[in-house]
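Counting starts at 1 for both ligands and their atoms, following the listed order.
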Amino acid sequence: MALETSCDETAVAILAGTDLRTSLVSSQIALHQPYGGVVPEVASRNHLTQLQPLISEACKEAGVALGQIDAFAATSGPGLASSLLIGSSAAKGLAVALQKPYLAVNHLEGHLISPFFGGEIQPAIGLIVSGGHTILIDLDQFGEYRVLGRTRDDAAGEAFDKVGKLLGLPYPGGPEIDRLARQGDPERYQFPRGMLNSNDFQFSFSGLKTAVRYLLPKLEHANLADICASFQEAVVEVLVEKTLRAAAHAGKRLIAVSGGVSCNSRLRERFAEATRKRGLELLVAEARFCTDNAAMIAFVARESYRRGRFSSLGVDINPNLGIGA
Ligand code: KG4
Ligand code: ZN
């Protein structure tokens, strides 16, 4: 059983071998919407009230009793400290009470390997694009990761959400922009492609957000759909191009894309096109595993469990936990 409470989703999953018996996500998006972003105190308080009923519901749905669970896992970082504490304390408590192993799981590793769910993890270039992270990783095998680059400022999802806010769209802006962009012209406005030719694997999205902010007052008849499509195109182009370069650099034939922004329809389209052209393979996380969920945490826990790697109950949460070397 895995618990995920690193940000604004309370999630519980039960995995039996490769069989995902249940994966429940109780989203707090509506609670944070009036604030235009996640409020940490509101998030942790809600994890506390949501988690126990969700665990009971998960057991019922999976048709198992708590006593039949082999191990308890929880996200231990990165994320909001007060939110991480709720899930990790609950998993540790269950492990102690039922005398079963505890596994502390890295949220980023959950995203990274989520495209492989149900199968074997293979060497790949992993791109994690979420609300909090934009990271390119050279993945050799489970547990062996080398960070090639990351964002210097805003994460890709953060850029979507901030631009969504500028455009007066509801939180989170990512899915809204994706939807509106379908009716828009991606070439109508020329937005900057941050660090596209920087000769490394770093990203920068804050200039793009500023470009949208400066453009808005100049437009008399701004076409919202065109702005969304042009902005999205700029983000997607940089992500796809740099990931392909990373694959060539590391000699990897497979690209594995994960995180909330990997739900984006244009990102999926352009990755599919680009990998087909270059004869590379592509794995994108299933839509239900893109945004935060506990199934990906259970998947990491199972891989660790198979290898006999457990965590001591002394392992604390780490809001700034990184990944790989
Ligand atoms: O992985 P996730 O649930 O949370 C983090 O671990 O950060 O990702 C949430 C992010 C939000 O920024 C949201 O706007 C973005 O994923 N997102 C999207 C789409 N769906 C979710 N961004 C662009 N297009 C989408 N369709
Ligand atoms: Zn996440």
Completion exercise
Closest to atom 10 (C) of ligand 1 among protein heavy atoms sits G131 N, 3.5 Å
Practice task
May I ask you to check whether N264 has an N/O atom sitting below 3.5 Å from an N/O atom of ligand 1?
Solution key: yes
Exercise for the section: Could you name each residue pair satisfying ring pair (Phe, Tyr, Trp, His ring centres under 6.0 Å) that touches residues 106-160, not counting sequence neighbours? Expected result: H107-H111, F117-F289, F117-F299, F160-F231
Problem - E273 and R276 ion-paired at < 4.0 Å - result: no
Exercise for the section: If you have a sec, work out which protein heavy atom is nearest atom 6 (O) of ligand 1 and how many Å separate them, to one decimal? Expected result: D292 OD1, 3.2 Å
Problem - Electrostatic pair E57-K60, nearest N-O below 4.0 angstrom - result: no
Exercise for the section: State whether the shortest distance between N or O atoms of D161 and N or O atoms of ligand 1 falls below 3.5 angstrom. Expected result: yes
Problem - Check: S23/N293 side-chain N/O donor and acceptor closer than 3.5 Å - result: no
Practice task
Keeping waters out of it, list the protein N, O or S atoms under 2.8 Å from the Zn ion (ligand 2).
Solution key: H107 NE2, H111 NE2, D292 OD1
Handout entry: ligand 1 contacted by P175 (non-hydrogen, < 4.0 Å)
Key = yes
Completion exercise
Ranking S114, G260, G174 by closest non-hydrogen atom to atom 20 (N) of ligand 1, top hit is G260
Handout entry: Salt bridge D140-K252, side-chain N to carboxylate O under 4.0 Å
Key = yes
Handout entry: Distance-only polar pair, side chains of D154 and S206, donor-acceptor under 3.5 Å
Key = no
Exercise for the section: Consider only side-chain N and O atoms of E241 and T243, and report whether a donor and an acceptor are under 3.5 Å apart. Expected result: no
Handout entry: Any N or O of G132 closer than 3.5 Å to N or O of ligand 1
Key = yes
Handout entry: Proximal atoms of ligand 1 relative to H111 (non-hydrogen, under 4.0 Å)
Key = 1 (O), 6 (O)
Exercise for the section: Decide, yes or no, whether a salt bridge links R45 with E41 under the criterion of side-chain N to carboxylate O below 4.0 Å. Expected result: no
Problem - Part of D178 with heavy atoms under 4.0 Å of ligand 1, whether side chain, backbone, both or neither - result: side chain
Handout entry: C290: numbered ligand 1 atoms lying under 4.0 Å from its heavy atoms
Key = 1 (O)
Exercise for the section: Output yes when R270 and E233 qualify as a salt bridge under the 4.0 Å nitrogen-oxygen rule, no when they do not. Expected result: yes
Handout entry: Heavy-atom closest pair, residues Y35 and K165
Key = O-NZ, 4.2 Å
Problem - ligand 1 to G157 polar contact by distance, N or O atoms, under 3.5 Å - result: yes
Practice task
Answer yes or no: is there an ion pair linking E281 with R253, defined by an N-O contact shorter than 4.0 Å?
Solution key: no
Fill in the blank from the handout: ligand 1 to C263, heavy atom cutoff 4.0 Å, flagged ligand atoms 20 (N), 26 (N)
Problem - Heteroatom proximity flag, H133 to ligand 1, N/O under 3.5 Å - result: no
Exercise for the section: Go through the side-chain N and O atoms of T22 and E61 and say whether any donor and acceptor fall under 3.5 Å apart. Expected result: yes
Handout entry: Exercise: identify the closest heavy-atom pair between A181 and Q232
Key = CB-NE2, 3.6 Å
Handout entry: For P172, atoms of ligand 1 separated by under 4.0 Å from a heavy atom
Key = 14 (O)
Problem - Location of contacts on H107 toward ligand 1, heavy atoms closer than 4.0 Å - result: side chain
